[in-house]
Amino acid sequence: MSSAMRKSKVGGPSKHSNSNLSSSSNMASKTNMKSTHRSSRMGAQSSRKSGMSTSQAGGGHSQAIVVIDPETGLEATPVSLLEIEPTVVQQQTGSLSPRSRESSDKLDSSSSAAFSKSGWSSDGTTTPTNAPFKEDEPDEKEPETISGPVAEAPQESPEKKKKKPLITLLADDPPKPTELQNEVAIVLSETSTTFILDLPSSCIADDDPDLDTIKKKNAAYLAMKKAKAGQDKYADRAMQTLNGANKNKDAQATPAPTQSVGVDVTNYEIHDAIQALKDGENEQEEEMMASNKPQGKSGGMDGLNAVQLLVGGKPDIAKAAESILGSGNFKTALTAMERIVVQNIYHAQQLKYRDLLVEPPPEVSVKAPGARGGKLELLWSYECDLSKGRNVSCMAWNKLQPDLLAVGYGEFEFTKQGNGLVLFWSLKNPEYPMKVYRTECSVTSLAFADKSVNLLAVGLYDGTVAVYDVRKPEDKPVLESSYTGGKHSDCVWEVRWVDKGSERGEALVSVSSDGRVTQWSMSKGLEHTDLIKLKRVATHKKVANTKNEAFISRMASGMCADFNSKDSSLYIVGTEEGTMHKCSVSYNEQYLETYTGHSGPVYKVEWSPFLPSAFLSCSADWAIKLWHQEQDSAMLTMQSSADYVADIEWSPWVSTIFASVTGDGFVCIWDMSISTLDPIVTEKILPRKPSCIKFSPNSNVVVSGDNTGRVQVYRLSGIDDTQYTPEEQVARLEKALAAKDAAEAER
């Protein structure tokens with residue numbers, strides 16, 4: 001660093017002194033050695049050489065000025081090696097006294113210190129500068145001037161400015177109050193980071209830039225270790241370390257429900273979808289352009305143009321209309337609109353169906369005990385063009401949707417056989433069915449599953465057992481029996497769903513005229529197991545010395561069956577010869593009990609829903625019989641007409657009420673607590689012949705099907721509708737049976 005020479009005058013005659021500001025290493029070391037023991041002496045000597053006293057130089061304060069070595073005549077003032085910021089220069093009377101906050105001997109080597117540099121002129125004035133002392137920069141640079149109250153100095157030539165010496169004044173005393181108002185520049189810098197504890201990791205990431213270096217070090221260490229293995233000073237020692245005790249803590253939580261959904265998409269499907277979106281955008285643009293076109297002389301578009309615009313500007317109107325009519329959204333909208341219109345028509349009848357219509361109270365009349373005041377009111381009929389002329393063979397209510405009724409259509413006689421039909425009727429639309437299933441032959445039996453309510457079992461006249469999933473739109477069965485899989489060889493007259501428990505689920509049981517009672521499992525298709533093969537039994541006493549073994553060994557035709565509501569392992573089977581057999585699923589070789597009493601085919605048997613030991617049966621011998629499973633003869637026999645009884649059904653509300661239909665056109669409602677001789681309600685529907693009857697599971701309604709394809713919906717009123725407890729229901733039925741026994745005893 002080059003030195004600059006400058007004349008200075010401080011309150012007295014001017015004296016010339018040479019000031020060398022060289023920052024060479026020799027000067028710095030020399031300064032460091034002499035600064036300690038020469039500070040006082042050199043300060044006094046420099047004061048004398050400069051021609052000013054201590055008070056003149058510092059204004060009454062102790063100040064450090066430039067130190068000149070007397071031997072060499074060069075400056076030997078100690079300076080800091082750090083780059084610092086200038087302090088504030090304050091103007092005083094008669095002289096300029098730059099000050100700093102801290103003394104030079106108190107500055108830390110790692111902190112910032114402030115220096116003020118000023119040039120002294122020959123006339124006693126000074127020019128404060130803001131140039132920090134830097135070892136890297138040459139002294140030829142002109143110091144920058146800082147703002148503040150300074151004395152005006154005369155203009156000097158650039159050559160003189162470069163030769164002016166720089167003098168550093170450091171103040172040891174605290175600042176004055178006036179100095180506190182000045183601006184102080186404080187510089188905050190980041191210090192080096194000190195690590196108190198550093199535990200280097202034993203692993204390194206694969207993407208670390210030092211990975212190769214560490215691998216080389218590891219390889220070198222292993223090589224060194226291998227090389228020292230044979231030396232005497234090398235020894236391997238094992239050390240046992242204790243691992244921290246592990247503690248396992250488990251928490252039980254319900255897993256979140258998940259659902260797996262998979263979709264297979266091909267490239268051409270993606271292409272078609274994108275193309276359809278582009279076509280739709282183009283059609284929208286064409287519609288907007290067409291709407292912005294000026295109209296013709298008629299003031300509007302004609303009908304053809306309007307239709308073309310409606311279908312997207314395509315000229316093929318018939319094809320566009322066909323696509324609209326065949327779309328699923330259009331069908332859904334039509335179905336909703338149709339239901340709205342139909343409900344407006346059948347509004348009053350549907351209110352009666354739900355017992356929501358408030359009727360005026362009937363006239364008060366005194367009735368004798370046991371008077372029959374029941375009534376069947378026809379609400380509507382389920383009938384359409386598909387069902388006209390067909391025989392209603394069976395009906396079944398859905399367990400989840402009690403208003404959904406499945407009706408099977410088919411002929412019972414062999415000479416009238418044709419295709420079959422299954423229609424699903426709903427309360428929402430009595431005019432047309434919700435769904436249609438078509439079969440190749442007549443439908444003879446139906447049953448909805450109790451747990452899997454979407455499954456419908458169908459028995460056909462040719463011996464086929466089919467299972468449909470009503471949720472699917474197609475009318476094909478999901479499971480169907482075949483000849484290789486145990487298909488029946490004759491008509492299936494009854495199908496029943498049996499609950500086998502939570503592990504085994506539901507099983508399907510069918511009864512056929514081929515003499516087999518078969519159970520079907522759906523775990524791997526329809527797998528069959530024969531519960532029993534029906535055999536004929538003698539109904540009269542055996543005559544001595546006669547051989548009837550051939551007669552006993554012949555197969556019996558099964559017509560109907562029902563499982564006990566309390567014990568699903570017990571069931572009753574009715575046969576074509578008029579006998580009924582109580583069987584168990586655990587025994588397939590013999591009957592538990594045989595009941596004889598009917599002289600014709602048994603068309604229906606049904607256990608009581610309230611008394612598990614009692615069951616009803618109806619037959620072609622015109623009779624309805626009530627049985628107890630512990631007695632081999634009927635407890636009660638009822639007859640209302642001189643024709644066959646096609647069907648019977650227990651009431652789900654009262655234990656003593658049941659319904660029946662006869663071949664001479666009568667729909668009968670019986671109440672054994674009132675009379676066991678005649679029904680309390682009789683409805684004649686001739687010339688039609690009813691074939692089946694059902695009670696509604698959620699309302700006081702009875703539905704009856706006939707041989708013309710019509711299903712009539714009746715509202716039952718004027719009968720006992722009291723809500724009894726299960727114990728009271730059993731007591732009422734037992735009381736009715738006891739009254740019958742007492743009447744017979746009196747006779």
Side-chain angles (χ1 to χ4, degrees), residues 396-400 402 445 447-453 457 494-511 517-521 529 531-532 558 560-574 579-588 590-595 597 602 604-618 624-636 647-659 670 672-673 694-698 723-738:
W397 293 101
N398 187 267
K399 303 301 187 296
L400 181 62
S445 56
F448 271 110
D450 295 332
K451 294 184 177 180
S452 301
V453 294
E494 190 79 50
V495 287
R496 292 280 183 175
W497 292 92
V498 183
D499 188 7
K500 294 294 184 180
S502 58
E503 296 181 357
R504 301 176 60 185
E506 286 182 298
L508 179 62
V509 177
S510 61
V511 180
V517 179
T518 305
Q519 176 177 304
W520 303 89
S521 175
T529 302
L531 297 180
I532 196 171
C560 55
D562 190 25
F563 282 79
N564 193 286
S565 58
K566 298 298 182 182
D567 187 1
S568 60
S569 63
L570 297 178
Y571 60 96
I572 295 289
V573 180
T579 58
M580 293 171 292
H581 308 288
K582 183 173 73 170
C583 307
S584 174
V585 296
S586 303
Y587 303 96
N588 57 358
Q590 59 183 359
Y591 308 127
L592 299 181
E593 192 70 39
T594 299
Y595 307 95
V602 179
K604 187 67 174 291
V605 291
E606 185 173 5
W607 290 94
S608 172
F610 301 100
L611 186 61
S613 59
F615 62 93
L616 274 175
S617 65
C618 65
I624 301 172
K625 294 182 181 293
L626 178 63
W627 304 80
H628 194 280
Q629 66 174 353
E630 302 298 334
Q631 300 179 9
D632 56 356
S633 60
M635 299 180 62
L636 186 62
D647 196 9
I648 53 174
E649 175 85 357
W650 283 103
S651 170
W653 314 110
V654 184
S655 61
T656 58
I657 295 178
F658 66 92
W670 298 78
M672 292 181 290
S673 63
K694 287 286 183 181
F695 277 96
S696 174
N698 63 346
Q723 300 293 332
Y724 296 104
T725 62
E727 293 78 10
E728 293 175 347
Q729 297 281 13
V730 174
R732 282 176 58 84
L733 184 55
E734 292 178 347
K735 182 180 179 180
L737 296 177

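Atoms considered below: every heavy atom in the structure, side chains included; atoms not considered: hydrogens, waters and symmetry mates. Position 1 is the first residue of the sequence; numbering continues from there.
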Query raised in the report: Mind checking whether Pro652 and Pro697 have side chains closer than 4.5 Å, heavy atoms only?
Result: no
Query raised in the report: With sequence neighbours excluded, what pairs up with Trp607 under the side chain to side chain donor-acceptor pair (under 3.5 Å) test?
Result: none
Report task. Calculate, to the nearest 0.5 Å, the distance between atoms OH and CG belonging to Tyr571 and Leu531 respectively. Result -> 5.0 Å
Query raised in the report: Which residues pass the side chain to side chain contact (heavy atoms under 4.5 Å, CB included) test with Tyr724, sequence neighbours left out?
Result: Asp720, Thr722, Glu728, Gln729, Arg732
Query raised in the report: Roughly how far, to the nearest 0.5 Å, is the OG atom of Ser696 from the CH2 atom of Trp653?
Result: 7.0 Å
Query - Distance in Å, Lys625 NZ paired with Phe615 CZ, rounded so as to fall on 0.5 Å steps - result: 11.5 Å
Report task. Using ring pair (Phe, Tyr, Trp, His ring centres under 6.0 Å) as the criterion, list what pairs up with Tyr591, not counting sequence neighbours. Result -> His581
Query raised in the report: Can you name the closest pair of heavy atoms from Ala457 and Val495 and give their distance?
Result: O-CG2, 4.0 Å
Query raised in the report: Do Val585 and Val509 come close enough that some side-chain heavy atom pair is under 4.5 Å?
Result: no
Report summary line: When every non-hydrogen atom of Trp650 is compared with those of Phe695, the smallest separation belongs to O-CD1, 3.5 Å
Query raised in the report: Which residues satisfy the salt bridge (Lys or Arg N to Asp or Glu O under 4.0 Å) test with Lys604, sequence neighbours excluded?
Result: Asp647
Query raised in the report: Looking at residues at least two apart in the chain, or sitting in another chain, which of them share a side chain to side chain donor-acceptor pair (under 3.5 Å) with Trp397?
Result: none
Report task. Spell out, as yes or no, whether a donor-acceptor pair under 3.5 Å connects the side chain of Asn398 to the backbone of Phe448. Result -> no
Query - Parallel, tilted or perpendicular, as decided by the 30° and 60° cut-offs, for the rings of Phe658 and Trp670 - result: parallel
Query raised in the report: So how far is it from Leu733 CG to Leu611 CG, rounded to the nearest 0.5 Å?
Result: 5.5 Å
Query raised in the report: By salt bridge (Lys or Arg N to Asp or Glu O under 4.0 Å), which residues pair with Lys582, not counting sequence neighbours?
Result: none
Query raised in the report: Mind checking what makes salt bridge (Lys or Arg N to Asp or Glu O under 4.0 Å) contact with Arg496, not counting sequence neighbours?
Result: Glu494, Asp562
Query - Pair Val498-Gln519, side-chain contact (heavy atoms from CB on, under 4.5 Å): steps then yes or no - result: CA-CA 9 Å; Val498 183; Gln519 176 177 304; over 6 Å; no
Query raised in the report: What are the two closest non-hydrogen atoms of Tyr595 and Gln631, and how far apart are they?
Result: CE2-O, 3.1 Å
Report summary line: Residue set satisfying side chain to side chain contact (heavy atoms under 4.5 Å, CB included) with Ser452, at least two apart, ordered chain then number -> Ala449, Asn454, Leu455, Glu506
Requested in this report: With sequence neighbours excluded, tell me which residues meet side chain to side chain donor-acceptor pair (under 3.5 Å) with Asp499.
Outcome: Lys451
Query - For Pro726, side chain to side chain contact (heavy atoms under 4.5 Å, CB included) partners two or more places apart - result: none
Report summary line: Residues passing the salt bridge (Lys or Arg N to Asp or Glu O under 4.0 Å) test with Asp567, sequence neighbours excluded, are none
Requested in this report: To the nearest 0.5 angstrom, please state how far the OG atom of Ser584 sits from the CD atom of Gln590.
Outcome: 10.5 Å
Report summary line: Interatomic distance, CG@Leu636 vs NE2@His628, rounded to 0.5 Å, equals 13.5 Å
Query raised in the report: For Ser521 and Thr529, what are the C-alpha separation, side-chain angles and deciding distance, and is it a side-chain contact (heavy atoms from CB on, under 4.5 Å)?
Result: CA-CA 8 Å; Ser521 175; Thr529 302; over 6 Å; no
Report summary line: Between Cys583 and Leu592, the two heavy atoms sitting closest are C-CD1, 3.9 Å
Report summary line: Nearest heavy-atom contact between Met672 and Ser655 is CE-O, 4.5 Å
**Report entry** Nearest atoms (heavy-atom pairs only) where Val605 meets Ser617
**Finding:** CG1-CB, 3.9 Å
Query raised in the report: Residues two or more places apart in sequence or in another chain: which of them pass side chain to side chain donor-acceptor pair (under 3.5 Å) with Ser445?
Result: none
